[in-house]
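Just so you know, residue 1 is the first one in the sequence shown, and it goes up from there.
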Amino acid sequence: MDTSSREHDLVLYGATGFVGRLIAAYLAEHAPAGMRVGLAGRSTSRLEAVRSELPAAAHGWALIEADSGDADSIAALAASTRVLFTTVGPYAKHGLPVVEACARAGTHYADLAGEVSFIREAIDRCDTLARTTGARIVHSCGYDSVPSDLAVLLLHQAAEADGAGGLAEVQLVARAKAGISGGTLESMRGQLDAMRSSTALRSLVADPYALSPDRTREPTTPQPPDAGPVRRSADGTWTAPFIMAPFNTRIVRRSNALQGWAYGRSLQYGEVMGVAPGPAGAVLARALTLGLRAFTGAMAFPLTRKVLDRFLPVPGTGPSTSMQRAGWFHSQVTARTEDGQRYQAIAAGPGDPGYAATAVMAGETALALALDGDRLPPAKGSLTPATALGSVLIERLRAAGHTYAVSKLA
């Protein structure tokens, strides 16, 4: 579908939210002169307030009032732009009308979703339509799950170039200094509530291939547990379960399947959190594991959640600017190939991974969709960062100060 005559090149929907404001600020600094950008949300006055705080380059950006609960306004929004990036969550509650409108209009769409059930439903409803209209629907374009997805892509490319066979055993060890926002917690609450009331949803979330384009064709290769035991790695570092593993791993496996299992049908992919070496690391890893289980359990039940909510950020709030600047992320991904060769990829960057660093990932995703169409992979439909944007996004993130590197190990 030809979208060249549309009013906007890119619209950021949810620009008044906590993360939305960060992405708007990033785009104001990095969008090229003359790019037609719009800010969308439910309140024009709030959008005006956000725009007024941005650099002068953004003061002419359009303001668009739209509400995911109003089908006509979302349809008009999607039809007005070539690319729509949405931060409006929880996505299971607000996201499907936006995906459907973009798929119908042939508009490229991207989000920050970390919700398996939402993405599964979006795939089932919109993939065929989006492929027909030529829309790229790209989920999980922040810390969920860009570092994971692009690092494994780099490993695959390196092994393929060396003729080393497919990837067999791949593990990501995540380290980060990070905070949390009220919006993230609200999404977590929604997912836990839905799972508590639905056996089918619990089964879906537990399925390691929950986001497969064709579940019947997936290999029988056993996958690492999402919340395995505390372990000591080969370099002496103790590891604990990584809270994002149950989601990121599904995205990586979907990327593999969308490419005809190019990474390897014997791929085993898992993620853990790196803690520290030595006896102190063992103690801390066990404490973090117990703490994660206790927090998740407390969030799952209304009575204990009420107690926690007194101390947690509310929607619209999150880490301070100074805390975001002090944050960082570092993901080390090691791989053994089917031929026994070993590789390592690093995905890392400055800034709180869920906020400052995510604003970079989201902003560069949006710019790539809007500006780099001729260089992007040809795939259309419901995609992942690796399959929709691939090496183009890696190049952009490197230029933005993030590290994406791969090397062969002895």
**Student:** Between Arg396 and Asp372 (salt bridge meaning N to carboxylate O under 4.0 Å), is one present in this structure?
**Tutor:** yes
**Student:** Does the pair Leu201 and Leu204 meet the rule for a side chain to side chain contact (heavy atoms under 4.5 Å, CB included), with working shown?
**Tutor:** CA-CA 5 Å; Leu201 182 55; Leu204 173 69; 4.1 Å; yes
**Student:** Using a 3.5 Å distance criterion without hydrogens, assess whether the side chain of Thr221 forms a donor-acceptor pair with backbone atoms of Arg265.
**Tutor:** yes
**Student:** Return yes if some donor-acceptor pair links the side-chain N/O of Asp9 with the main-chain N/O of Val37 below 3.5 Å, else return no.
**Tutor:** no
**Student:** Stepwise, does the salt bridge (charged side-chain N to carboxylate O under 4.0 Å, His left out) test hold for Asp193 with Arg196?
**Tutor:** CA-CA 5 Å; Asp193 289 345; Arg196 189 172 67 248; 3.1 Å; yes
**Student:** Measure centre to centre between the rings of Phe118 and His139, then say whether the value is under 6.0 Å.
**Tutor:** yes
**Student:** So, Asp352 side chain and Gly179 main chain: donor-acceptor pair closer than 3.5 Å or not?
**Tutor:** yes
**Student:** Atom CG of Leu389 and atom NE2 of His108: how far apart are they, to the nearest 0.5 Å?
**Tutor:** 10.0 Å
**Student:** Using the six-membered ring of Trp261, assess whether NZ or CZ of Arg217 lies under 6.0 Å from its centre and within 45 degrees of the ring axis.
**Tutor:** no
**Student:** With salt bridge (charged side-chain N to carboxylate O under 4.0 Å, His left out) as the criterion, how do Arg42 and Asp70 come out once you've worked through the C-alpha distance, each side chain's angles and the decisive distance to 0.1 Å?
**Tutor:** CA-CA 10 Å; Arg42 290 184 299 175; Asp70 181 342; over 6 Å; no
**Student:** Under 3.5 Å, is there a donor on one side chain and an acceptor on the other for Ser266 and Glu169?
**Tutor:** no
**Student:** Look only at the side chain of Thr304 and the backbone of Ala298, and say whether a donor-acceptor pair between them is shorter than 3.5 Å.
**Tutor:** yes
**Student:** Is there a donor-acceptor pair under 3.5 Å between the side chain of Arg36 and the backbone N or O of Arg6?
**Tutor:** yes
**Student:** Are any side-chain N or O atoms of Thr44 and backbone N or O atoms of Glu65, one a donor and one an acceptor, separated by less than 3.5 Å?
**Tutor:** no
**Student:** So do the side chains of Glu395 and Arg375 get within less than 4.5 Å of each other, counting heavy atoms only?
**Tutor:** yes
**Student:** Do you know which two heavy atoms are closest between Tyr143 and Ala176, and how far apart they sit?
**Tutor:** OH-CB, 4.1 Å
**Student:** Taking the side chain as every heavy atom from C-beta outward, state whether Leu397 and Val146 have any atom pair closer than 4.5 Å.
**Tutor:** yes
**Student:** Decide yes or no on side-chain hydrogen bond (donor to acceptor under 3.5 Å, both in side chains) for Thr239 and Ser233, but give the supporting numbers first.
**Tutor:** CA-CA 7 Å; Thr239 64; Ser233 60; over 6 Å; no
**Student:** List the atom of Ala66, the atom of Ser73, and the distance in Å for their closest heavy-atom pair.
**Tutor:** CA-OG, 3.8 Å
**Student:** Apply the test side-chain hydrogen bond (donor to acceptor under 3.5 Å, both in side chains) to residues Ser212 and Arg215: give CA-CA distance (whole Å), side-chain angles for both, the deciding distance (0.1 Å), then the verdict.
**Tutor:** CA-CA 5 Å; Ser212 173; Arg215 185 64 179 84; over 6 Å; no
**Student:** State yes or no: are the ring centers of His402 and Phe329 separated by less than 6.0 Å?
**Tutor:** yes
**Student:** Could you state the interatomic distance from CZ (Arg250) to CG (Asp207), rounded to the nearest 0.5 Å?
**Tutor:** 7.0 Å
**Student:** Determine the minimum heavy-atom distance between Asp162 and Tyr343, stating which atoms define it.
**Tutor:** OD2-OH, 2.5 Å
**Student:** Does Leu303 have more than 12 heavy atoms from other residues, nucleotides or ligands lying within 6.0 Å of its CG?
**Tutor:** no
**Student:** Which residue is it: Leu211, Asp149, Leu383? I am looking for the one with a side chain to side chain contact (heavy atoms under 4.5 Å, CB included) to Arg254.
**Tutor:** Leu211
**Student:** Counting only heavy atoms from other residues, nucleotides and ligands, does the tally under 6.0 Å from CZ of Arg175 exceed 12?
**Tutor:** yes
**Student:** Nearest 0.5 angstrom please: Tyr269 OH to Leu155 CG, how far?
**Tutor:** 9.0 Å
**Student:** What heavy-atom pair brings Asn248 and Ser148 nearest, and what distance separates the two atoms?
**Tutor:** ND2-OG, 3.4 Å
**Student:** Could you give the distance from OG (Ser80) to NE2 (His8), rounded to the nearest 0.5 Å?
**Tutor:** 4.0 Å
**Student:** Is there a side-chain contact between Val173 and Met273 in this structure, where contact means two heavy atoms from C-beta onward sitting under 4.5 Å apart?
**Tutor:** no
**Student:** Does atom CZ of Arg398 have more than 12 heavy-atom neighbours from other groups under 6.0 Å away?
**Tutor:** yes
**Student:** Can you check whether Leu112's main-chain N or O pairs, donor with acceptor, with Ser140's side chain at less than 3.5 Å?
**Tutor:** no
**Student:** Pair Leu367, Met35 - check side chain to side chain contact (heavy atoms under 4.5 Å, CB included), show working.
**Tutor:** CA-CA 10 Å; Leu367 293 172; Met35 187 174 187; 3.7 Å; yes
**Student:** Salt-bridge test for Glu100 and Arg104: reply yes if a basic N is under 4.0 Å from a carboxylate O, no otherwise.
**Tutor:** no
**Student:** Would you please test Thr384 and Val252 for side chain to side chain contact (heavy atoms under 4.5 Å, CB included) and show each step?
**Tutor:** CA-CA 8 Å; Thr384 61; Val252 170; over 6 Å; no
**Student:** Is a donor on one side and an acceptor on the other found under 3.5 Å between the side chain of Arg82 and the backbone of Val11?
**Tutor:** no
**Student:** Side chains of Thr337 and Asp339: any donor to acceptor distance under 3.5 Å?
**Tutor:** no
**Student:** With no hydrogens and no angle check, just 3.5 Å: does a side-chain donor-acceptor pair link Arg253 and Gln223?
**Tutor:** yes
**Student:** Are the side chains of Asp67 and Ile74 in contact, using a 4.5 Å heavy-atom criterion?
**Tutor:** no
**Student:** Does the separation of the ring centres of Tyr13 and Phe85 fall below 6.0 angstrom?
**Tutor:** no
**Student:** Indicate yes or no for a side-chain donor-acceptor contact from Glu115 to the backbone of Tyr91 under 3.5 Å, with no hydrogens or angles considered.
**Tutor:** yes
**Student:** Flag the pair Leu153 / Thr387 as yes when at least one side-chain heavy-atom distance between them is below 4.5 Å, and no otherwise.
**Tutor:** no
**Student:** Hey, what do you get for CG (Leu312) to CD1 (Ile180), rounding to the nearest 0.5 Å?
**Tutor:** 7.5 Å
**Student:** Calculate, to the nearest 0.5 Å, the distance between atoms NE2 and OG1 belonging to His94 and Thr87 respectively.
**Tutor:** 11.0 Å
**Student:** When you check the side-chain N and O atoms of Arg293 and Thr296, is any donor under 3.5 Å from an acceptor?
**Tutor:** no
**Student:** Let me have the donor-acceptor pairs involving side chains of residues 14-25, under 3.5 Å, with sequence neighbours excluded, atom names and distances please.
**Tutor:**
unit_1, atom_1, unit_2, atom_2, d
Arg21, NH1, Thr16, O, 2.8

**Student:** Applying side chain to side chain contact (heavy atoms under 4.5 Å, CB included), run through Trp61 and Leu27 and close with a yes or a no.
**Tutor:** CA-CA 11 Å; Trp61 287 359; Leu27 290 172; 3.9 Å; yes
**Student:** Among Leu84, Thr107, Val88, Leu77, exactly one meets side chain to side chain contact (heavy atoms under 4.5 Å, CB included) together with Val98. Which residue is that?
**Tutor:** Leu84
**Student:** Can you find a pair of side-chain heavy atoms, one from Gln332 and one from Gln344, that are under 4.5 Å apart?
**Tutor:** yes
**Student:** Please tell me if the side chains of Leu96 and Arg125 come closer than 4.5 Å, counting only heavy atoms from C-beta onward.
**Tutor:** yes
**Student:** Less than 4.5 Å apart, any side-chain heavy atom of His30 and any of Val360?
**Tutor:** no
**Student:** Have Glu364 and Tyr26 got a donor and an acceptor in their side chains that come within less than 3.5 Å?
**Tutor:** yes
**Student:** Please check: side-chain N/O of Arg136 versus main-chain N/O of Ser382, any donor-acceptor pairing under 3.5 Å?
**Tutor:** no
